[in-house]
Participant: 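Here it is, the structure, as structure tokens.
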Amino acid sequence: MTLRIFPDEKLLMYQTLKNRYFHLRDIYFTFEFHLQESKRRCAVKKVSQRIVGENRAQKSLNKIGFYIYSKNHLAHLEPIFRHLPKNHYEIVVSGSLPIPDYLCDKDYKITTDLKILSAGKKFKTLVSLYMMAPPWALTVFSKGQDEQTVSKSFFRALADENLRMVYSLGALPWNTSEVMAHYDSMFVYGNYEEQLYRKAFDNKISVFKVGYPKFDDYFNMPDRELSCKKLINPELKTILWLPTKGPLSSVPKYRRAIARLCKDYNVVLKPHPQEDYALLEDIEATGIILVRDSDSASYYKIADFVFCDYGGSAFGALYTNTPFLFLSPDNPEQDTKNFCQESPEVGLREDFTTIQEPVYEHIKELLTNNTLWELDAKKRKAKYKEFFEPNCGKAGEFAAMLLQNRLSQN
């Protein structure tokens with residue numbers, strides 16, 4: 001006798017199996033989550049015992065650590081560590097969260113701050129862009145201290161020496177803030193920063209000029225396949241708009257005037273990595289091409305002009321010898337963390353074209369003024385020497401050599 005299963009029964013059986021699958025999957029993920037949480041709590045407890053207990057001895061690993069907070073940090077640090085032997089460095093992320101997706105498909109040795117500290121180890125040198133302790137560390141290192149002091153204690157525990165790779169020439173108040181004084185060494189772009197940081201930190205921090213590693217691939221590699229390539233008209237020149245964030249961003253004030261340029265130019269807007277994209281939801285409807293990549297360096301290759309406001313964008317244009325002009329957001333002094341009159345990009349505005357008001361006709365007239373851009377080209381050449389070590393394409397390799405030398409020192 002053959003058992004017949006009717007369509008309704010097949011559907012019911014399928015639905016039952018499907019429900020059981022998702023139920024088992026939820027159980028598995030719940031178990032995995034609690035297992036990982038248990039491991040994390042155990043690691044935090046071990047760190048607490050080592051830091052506040054009697055057994056404070058740590059084994060110093062003869063390795064370089066690179067502390068990564070976000071995908072954008074790879075653009076600054078990968079051009080350095082790719083020149084190191086793989087057994088000489090490790091990528092370090094916070095133990096508070098799973099390994100980020102953008103690192104999972106990379107051939108790196110990855111560890112967490114929790115794993116290193118709970119094992120009673122530390123690096124010989126730890127390279128980072130800035131010091132910011134992860135949330136879990138606040139409970140271990142705090143002792144009623146402010147967050148900056150906690151960050152200092154946390155990074156001191158992670159390495160014998162902490163080294164900063166600077167990542168922006170602008171934002172002087174941030175770059176010379178007290179938290180930066182906790183570094184032992186700095187890798188900087190060139191002469192300006194060498195003098196700046198020696199003076200700002202009273203020669204207590206060793207400063208090494210290496211150039212701009214983030215742009216090594218700009219000089220060494222053919223054009224990358226950019227996400228916006230299909231949207232760019234090859235018959236038109238391209239404007240790369242690289243605003244910063246918050247009160248210093250030029251987007252609110254200039255978006256309408258710049259949108260009108262889309263008739264005659266490709267306009268590519270690459271927002272700041274920490275920008276709230278919800279504020280840009282309607283930007284593409286204007287004809288402006290909005291890109292969401294974490295790094296801007298590769299976009300300078302397609303730029304005939306760069307539009308900047310504050311921060312480091314103008315210096316990227318200076319480094320790549322790309323024509324640029326400044327936009328002027330209203331009341332920049334509202335951002336006391338990043339703006340001051342002594343900041344180098346503010347001084348740079350006195351030497352290069354600066355637009356005060358969002359007038360479409362004026363902007364277009366400037367873009368077509370060949371005499372202006374010929375004069376600016378001479379200025380860029382002179383200013384390059386002021387700000388950058390002539391290591392184009394080899395900055396990361398030079399920085400890696402300096403780090404390698406540290407491993408060979410007793």
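FYI, side chains are in, hydrogens and waters are out, and symmetry mates aren't considered; it's all heavy atoms of this structure.
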Participant: In plain terms, say whether Arg156 and Asp184 are close enough for a salt bridge, that is, a side-chain N and a carboxylate O under 4.0 Å apart.
Facilitator: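 So Arg156 pairs with Asp184 through a salt bridge.
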Participant: Do you know which two heavy atoms are closest between Ser151 and Ala133, and how far apart they sit?
Facilitator: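 Reported closest heavy-atom pair: OG-N, 3.0 Å.
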Participant: Tyr265: what forms a ring-ring contact (aromatic ring centres under 6.0 Å, His included) with it, not counting sequence neighbours?
Facilitator: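 Here no residue qualifies.
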Participant: For a quick check under 3.5 Å, do Arg349 and Ser328 share a side-chain donor-acceptor pair by atom type?
Facilitator: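 Judged by distance alone, the side chains do pair up.
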Participant: How would you list, by chain and number, every residue that makes a ring-ring contact (aromatic ring centres under 6.0 Å, His included) with Phe155, sequence neighbours excluded?
Facilitator: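 Partners of Phe155 by the ring-ring contact (aromatic ring centres under 6.0 Å, His included) criterion, ordered by chain and then number, come out as Tyr67.
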Participant: Cut-off 3.5 Å, side chains only: do Asn220 and Asp217 have a donor facing an acceptor?
Facilitator: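 Looking only at side-chain atoms, Asp217 and Asn220 do not form any donor-acceptor pair under 3.5 Å.
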Participant: Of all heavy-atom pairs between Ala157 and Leu117, which one has the smallest distance, and what is that distance?
Facilitator: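 Between these two residues, the closest heavy atoms are O-CD2, 3.5 Å.
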Participant: Can you see whether Lys209 engages Asn191 through a side-chain donor-acceptor pair at a distance of less than 3.5 angstrom?
Facilitator: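 The answer is yes; a qualifying pair exists.
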Participant: Indicate yes or no: does Glu194 engage Arg198 in a salt bridge with an N to O separation below 4.0 Å.
Facilitator: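 Yes.
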Participant: Which residues satisfy the side-chain contact (heavy atoms from CB on, under 4.5 Å) test with Asn391, sequence neighbours excluded?
Facilitator: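 Only Glu389, Ala395, Phe398 meet the side-chain contact (heavy atoms from CB on, under 4.5 Å) criterion with Asn391.
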Participant: Indicate yes or no: does Asp160 engage Arg406 in a salt bridge with an N to O separation below 4.0 Å.
Facilitator: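 Salt bridge absent between Asp160 and Arg406.
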Participant: Residues two or more places apart in sequence or in another chain: which of them pass side chain to side chain donor-acceptor pair (under 3.5 Å) with Ser153?
Facilitator: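 Checked Ser153 against side chain to side chain donor-acceptor pair (under 3.5 Å); zero matches.
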Participant: With sequence neighbours left out, what residues match Thr149 under side chain to side chain donor-acceptor pair (under 3.5 Å)?
Facilitator: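 With sequence neighbours excluded, Thr149 shows a side chain to side chain donor-acceptor pair (under 3.5 Å) to Asp146, given in chain and number order.
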Participant: Suppose the criterion is ring pair (Phe, Tyr, Trp, His ring centres under 6.0 Å): which pairs have a residue in residues 342-380, not counting sequence neighbours?
Facilitator: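 Matches after skipping sequence neighbours: Phe305-Trp373, Phe324-Phe352.
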Participant: Return the set of residues passing ring-ring contact (aromatic ring centres under 6.0 Å, His included) with His73 (not counting sequence neighbours), or none when no residue passes.
Facilitator: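 Listed in chain order: Tyr69, Tyr130.
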Participant: Who pairs with Tyr108 by side chain to side chain donor-acceptor pair (under 3.5 Å), at least two apart in sequence or on another chain?
Facilitator: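 With sequence neighbours excluded, Tyr108 shows a side chain to side chain donor-acceptor pair (under 3.5 Å) to Glu78, given in chain and number order.
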Participant: Apply ring-ring contact (aromatic ring centres under 6.0 Å, His included) to Tyr189 and list each qualifying residue two or more places apart in sequence or on a separate chain.
Facilitator: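 Checked Tyr189 against ring-ring contact (aromatic ring centres under 6.0 Å, His included); matches are Tyr212.
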Participant: Salt bridge or not for Lys71 and Asp101, using N-O below 4.0 Å?
Facilitator: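 Not counted as a salt bridge, because no side-chain N and carboxylate O are separated by less than 4.0 Å.
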Participant: Identify, with sequence neighbours excluded, every residue that meets side chain to side chain donor-acceptor pair (under 3.5 Å) alongside Glu386.
Facilitator: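 Listed in chain order: Lys383.
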Participant: Provide the closest heavy-atom pair for Phe307 versus Ile258 in the form atom of the first, atom of the second, distance.
Facilitator: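 Scanning both residues completely, I find the closest heavy atoms to be CD2-CD1, 3.7 Å.
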Participant: Give the ring-plane orientation class for Tyr167 versus His76, where under 30° counts as parallel, over 60° as perpendicular and anything between as tilted.
Facilitator: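 Perpendicular, since the angle between the ring planes exceeds 60°.
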Participant: What residues, two or more places apart in sequence or in another chain, satisfy side-chain contact (heavy atoms from CB on, under 4.5 Å) together with Cys392?
Facilitator: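 So Cys392 forms a side-chain contact (heavy atoms from CB on, under 4.5 Å) with Phe219, Tyr319, Tyr384.
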Participant: In Å and rounded to the nearest 0.5 Å, what is the CE to CD distance from Met180 to Gln148?
Facilitator: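 If I round to the nearest 0.5 Å, the distance is 9.5 Å.
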Participant: If you measure from CG on Leu61 to CG on Leu126, what distance do you get to the nearest 0.5 Å?
Facilitator: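 Those atoms lie 11.5 Å apart.
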Participant: Quick one: side-chain contact (heavy atoms from CB on, under 4.5 Å) partners of Pro79, sequence neighbours excluded?
Facilitator: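 For Pro79 the side-chain contact (heavy atoms from CB on, under 4.5 Å) partners, ignoring immediate neighbours, are Arg82, Pro213, Asp216.
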